[in-house]
Protein chains: 2
Amino acid sequence: MVAMSLRHAMLGLLADQPASGYDLMKRFESSLSNAWPATQSQVYGELGKLTKAGLLEVAAEGPRGRKEYSVTDEGRAELHRWLTETPPSTVRRSDALLRVFFLNHLTPVEATAYLISEAERAAGHHRALEEVERNVDWGDDALSVNGRLALEYGLRFTAMREEWARWAAEELRKARQR
Amino acid sequence: MVAMSLRHAMLGLLADQPASGYDLMKRFESSLSNAWPATQSQVYGELGKLTKAGLLEVAAEGPRGRKEYSVTDEGRAELHRWLTETPPSTVRRSDALLRVFFLNHLTPVEATAYLISEAERAAGHHRALEEVERNVDWGDDALSVNGRLALEYGLRFTAMREEWARWAAEELRKARQR
DNA sequence: TTTTGACATGTCAGAGTTGGAATGTCGGCG
DNA sequence: CGCCGACATTCCAACTCTGACATGTCAAAA
């Protein structure tokens, strides 16, 4: 029970505004998908666990068995604790980077193709984020400020990935000529 | 059985050179730790599964029960298939980025402290990689070429993270003044 | 010769993640 | 009114990952 960021992602979302599991899923898909994706089964399961643990409570019940959850004081305290006292884990797995270590098992042509396709993948992702940037109505509320920071991170990250991949392809070319 | 990169990381390492589970662990720690960390139990468990699946074979046995594994033709084919035909998954979880979405639940001072500590964490990581760069003897072999590419990725990534975090802290400051 | 440290493997429980299946309800459009 | 699509929850099997525990061997330094 050390990491478990899903839990905190849910606390954070519900601290912004109470919601049902269904609503939560949509919020995960629309805003957190690039930072912490979650599936339905995970969300509903966690909703139950967090409620039993006293970090959430069912604030209202609606039609179709809808249960609207809100964060308790204890939940808010836990969110705060996580944000201020827990150092983010540095571990980040990347199967894209992993492949780079094994590029020597491909022909130069195949390896270059991989790097170029990585560059294009990153570029595509970058364009998608630019699209988001254009379409989102940046109100002045606190939520948008954070969203903008996260979006900028994505923009910089995808740009960096594209540049790196193109650079790496070029390095490979140079190494081959030697 | 779609993703499972650990499996392919092991195939890749063993394709470079046959090794025991113990050796493999050391290689994971020294070179792959930033792309795909693995624990002992995972490595030994996977070694068994891969052997049973015919992708690996025990090439030699040594003292202390040492078993040296090597990749079979089938294993090499699978490695190649993974490298060329499987698109890297774009999903990357980041609890550091996740926190950014919830910065509005902190005071401005706390939020800024978080971003600054992120910048410093990234800077520290960056310096560690520079240290690696200085100390590694860059031979001309294929392996080093890949390692250099991966190292450069790390260098660019950590630099980007530091710059972003400092920028974000500044944005927060500006937003507060409005 | 004893002891220490590196070598070496194996097993386990518990937590997290994935993807899918099953089930049912409500609101509004034709 | 009947149907469709969105709303809404619950359960499950299989797999991955973490961290710890357990066990034993060999080489060489003290």
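A note on names: the letters A, B, ... follow the listed sequences, proteins ahead of strands, and every chain is numbered from 1.
- Nearest-nucleotide mapping onto DNA chain C: of A:R64 and A:E46, the residue sitting toward the 5' end is A:E46.
- Listed in residue order, the members of residues 18-42 of chain B having a heavy atom less than 4.0 Å from DNA chain D are B:W36, B:T39, B:S41, B:Q42.
- OP1 or OP2 of D:dC17 has not a single side-chain nitrogen or oxygen of B:R7 nearer than 4.0 Å.
- One finds a salt bridge joining A:E46 and A:R7 here, because a Lys/Arg side-chain nitrogen approaches an Asp/Glu carboxylate oxygen to under 4.0 Å.
- Mapping A:K49 and A:G65 onto DNA chain C by nearest heavy atom places A:K49 closer to the 5' end of the strand.
- The separation between B:L6 atom CG and D:dC15 atom P is 15 Å, rounded to whole Å.
- Summarising the geometry, the separation between OH on B:Y44 and C1' on D:dC21 is reported as 15 Å, rounded to the nearest angstrom.
- Not one side-chain nitrogen or oxygen of A:R66 sits closer than 4.0 Å to the OP1 or OP2 atom of D:dA6.
- Nucleotide D:dC17 holds its P atom 15 Å from the CE atom of A:M4, rounded to whole Å.
- Residues A:R66 and A:Y22 are not in side-chain contact: their nearest non-hydrogen atoms beyond the backbone lie 4.5 Å or more apart.
- Side-chain polar atoms of A:E162 and A:H125 form no donor-acceptor pair below 3.5 angstrom.
- A straight line from CG of B:L47 to P of D:dT16 spans 15 Å, rounded to a whole angstrom.
- For the pair A:K174 and A:E171, the salt-bridge criterion is met [side-chain N within less than 4.0 Å of a carboxylate O].
- For A:K67, taking side-chain heavy atoms from C-beta onward, the closest of the listed nucleotides C:dG27, D:dT9, D:dT16 is D:dT9.
- Counting heavy atoms from C-beta on, the side chains of A:M10 and A:Y69 never come closer than 4.5 Å.
- Distance B:D95 CG to C:dG16 P: 13 Å, rounded to the nearest Å.
- Judged by distance alone, the side chains of B:E85 and B:H80 never bring a donor and an acceptor atom under 3.5 Å apart.
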